[in-house]
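Notes to accompany the following structure.
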Amino acid sequence: MATRAATKKKPAAKAAKSSKAVVKKFETVLVEKKDRIAWVIMNRPEKRNAMSPQLHLDMNDALEELAIDDSVDVVVITGAGKAFSAGQDIRLYFRGTTGDPVLRHKSKNASHHWRWTTLSKFPKLTIAMVNGFCFGGAFTQVSACDLAIAADDAIFGLSEINWGILPGGIVSWNVVNTMSYRDAMYYAITGDTFTGKEAAAMRFINKSVPKARLKAETTKLAKKMMKKNPTAVRYTKEGIRAVKEMSVDQAADYLNAKSDALKYQDPENGRQKGMAQFLDDKTYRPGLGEYDRSKDL
Ligand code: ACO
């Protein structure tokens with residue numbers, strides 16, 4: 001649907017000039033598509049992209065469309081202006097829903113749904129690109145994405161303690177699963193901030209780069225991943241997430257079944273292609289890079 005809106009509304013000359021499909025149909029979220037990458041931008045820069053009930057609804061709609069959009073392989077979540085996201089909108093998400101149980105319930109569901117349920121099971125590769133401030137509830141979408149990259153000087157903070165609440169939703173669970181226990185405890189109880197560089201050093205994110213290179217480095221990472229077999233990438237990320245909760249015996253059983261499923265579900269028959277290109281054609285070395293997806297078996 002996003003593609004349809006873009007083709008219908010954009011004048012051809014303008015679209016050609018930017019060579020970028022811009023879909024601006026959401027009130028608080030901007031979706032830009034270029035070279036099979038969708039940039040999903042939380043777009044309330046004047047409020048540091050604090051997450052309002054409307055933003056949660058918009059993100060759900062945007063991601064639902066992108067999950068089945070054939071023109072997109074990788075989804076990047078980021079923020080407009082100087083913030084990634086200042087967390088939940090204290091005015092609209094908390095105070096604004098007090099005394100309105102229906103709105104509170106809908107907002108809470110929508111908030112959890114896109115930030116965790118959808119993103120952590122997304123069928124395509126997801127990257128959180130943390131361009132600036134990242135506070136409180138915004139840790140959930142960073143943790144949910146498969147990969148995370150930040151500007152060196154981005155500011156992260158579990159600021160809940162500073163205004164008398166705890167990291168709720170599932171933020172506490174997210175941080176004990178993505179940080180060391182010591183770091184999770186320290187930052188949750190002190191509310192101290194840490195930079196993108198420090199986030200990378202503590203492995204909360206994959207890496208940090210100077211802000212001027214953030215978009216280029218994220219694009220490079222997305223394009224590198226687009227060379228891999230997408231079905232294998234999907235099954236692998238599902239496997240990595242699933243085995244974390246399992247015993248070794250359960251994991252062995254699950255991974256056998258998952259491998260068989262991949263063998264039969266992969267439309268490009270990557271396993272056979274890889275074997276043929278290595279063993280018969282001798283055109284690549286699987287240890288050093290991926291097979292050539294453009295070649296037929
Ligand atoms: N909720 C509601 N409004 C917010 C939020 C927020 N989380 N964050 C920023 N805003 C609003 C401000 O109220 C201000 O609105 P106004 O222009 O109408 O007064 C506007 O965004 C700009 O904010 P400033 O504070 O002026 O921007 P600055 O760049 O100086 O500081 C910062 C940015 C550090 C992010 C600061 O706004 C802040 O501390 N925000 C709260 C961060 C936070 O604690 N988030 C956790 C929320 S709780 C949770 O997520 C569970």
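First listed ligand is number 1; within each ligand, the first listed atom is number 1. These figures come from a predicted structure and were not determined experimentally. The figures that follow rest on heavy atoms only: side chains count, while hydrogens, waters and symmetry mates do not.
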Around atom 46 (C) of ligand 1, find the nearest protein heavy atom and jot down its residue, atom name and distance. S159 OG, 3.3 Å

Counting non-hydrogen protein atoms only, what is the nearest one to atom 35 (C) of ligand 1? Give residue, atom name and distance. F135 CE1, 3.7 Å

Consider ligand 1: state whether an atom of it lies below 4.0 angstrom from any non-hydrogen atom of Y93. no

Looking at R293, is its backbone amide N or carbonyl O close enough to the side chain of K273 to form a donor-acceptor pair, meaning the two atoms are under 3.5 Å apart? yes

Quick check against the 3.5 Å criterion: does R44 have a side-chain atom that pairs as donor or acceptor with the backbone of A50? yes

N/O separation below 3.5 Å, K82 to ligand 1: yes

For W163, the ligand 1 atoms whose distance to one of its heavy atoms is below 4.0 Å: 48 (S)

Looking only at protein heavy atoms, which one is nearest to atom 1 (N) of ligand 1, and how far off is it? I90 N, 2.8 Å

A student checking ligand 1 against G87 at a 4.0 Å heavy-atom cut-off should list atoms 50 (O)

Numbering as shown, the atoms of ligand 1 that approach G137 to under 4.0 Å (heavy-atom distance): 49 (C), 50 (O), 51 (C)

Looking only at distances, please establish whether an N/O atom of ligand 1 is found under 3.5 Å from an N/O atom of Q88. yes

Quick one: look up the protein heavy atom nearest atom 10 (N) of ligand 1 and list residue, atom name and how far away it is. K47 O, 3.8 Å

Examine distances only and state if a side-chain atom of R203 and a backbone atom of A200 form a donor-acceptor pair shorter than 3.5 Å. yes

Atom 29 (O) of ligand 1: closest protein heavy atom, distance to 0.1 Å, is R48 NE, 2.8 Å

Under the side-chain contact (heavy atoms from CB on, under 4.5 Å) test against Y291, which residue among T283, N229, D281 passes? N229

Any N/O pair G136/ligand 1 closer than 3.5 Å: no

With the threshold set strictly below 4.0 angstrom, can you tell me whether any protein non-hydrogen atom sits that near atom 12 (C) of ligand 1? no

Give a yes or no on whether the backbone of D292 and the side-chain of Q277 come within a donor-acceptor separation of less than 3.5 Å. yes

Count the heavy atoms of every other residue, nucleotide or ligand shown that sit under 6.0 Å from CZ of R104, and state whether that count exceeds 12. yes

Can you give me every donor-acceptor pair (side chain of residues 148-165, partner residue at least two apart or in another chain, under 3.5 Å) with its distance?
from	atom 1	to	atom 2	distance (Å)
D152	OD1	S208	OG	2.6
D152	OD1	V209	N	3.2

For K108, look at atom NZ and say whether over 12 heavy atoms of other residues, nucleotides or ligands are found less than 6.0 Å away. no

Partners passing salt bridge (charged side-chain N to carboxylate O under 4.0 Å, His left out) against K124 (at least two apart in sequence or in another chain): none

With a 4.5 Å cut-off on side-chain heavy-atom distances among I, L, V, M, F, W and Y, is there a chain of contacts connecting M51 to F133? no

What protein heavy atom is closest to atom 20 (C) of ligand 1, reported as residue, atom name and distance in Å? E46 O, 3.2 Å

What is the nearest protein non-hydrogen atom to atom 5 (C) of ligand 1, stated with its residue, atom name and distance? A50 CB, 3.8 Å

Under 3.5 Å side-chain donor-acceptor pair for S247 and D249: no

As a test of the contact definition, would atom 44 (O) of ligand 1 count as having a protein heavy-atom neighbour under 4.0 Å? yes

Which residue supplies the protein heavy atom nearest to atom 40 (N) of ligand 1, what is that atom called, and how far is it? A86 CB, 4.3 Å

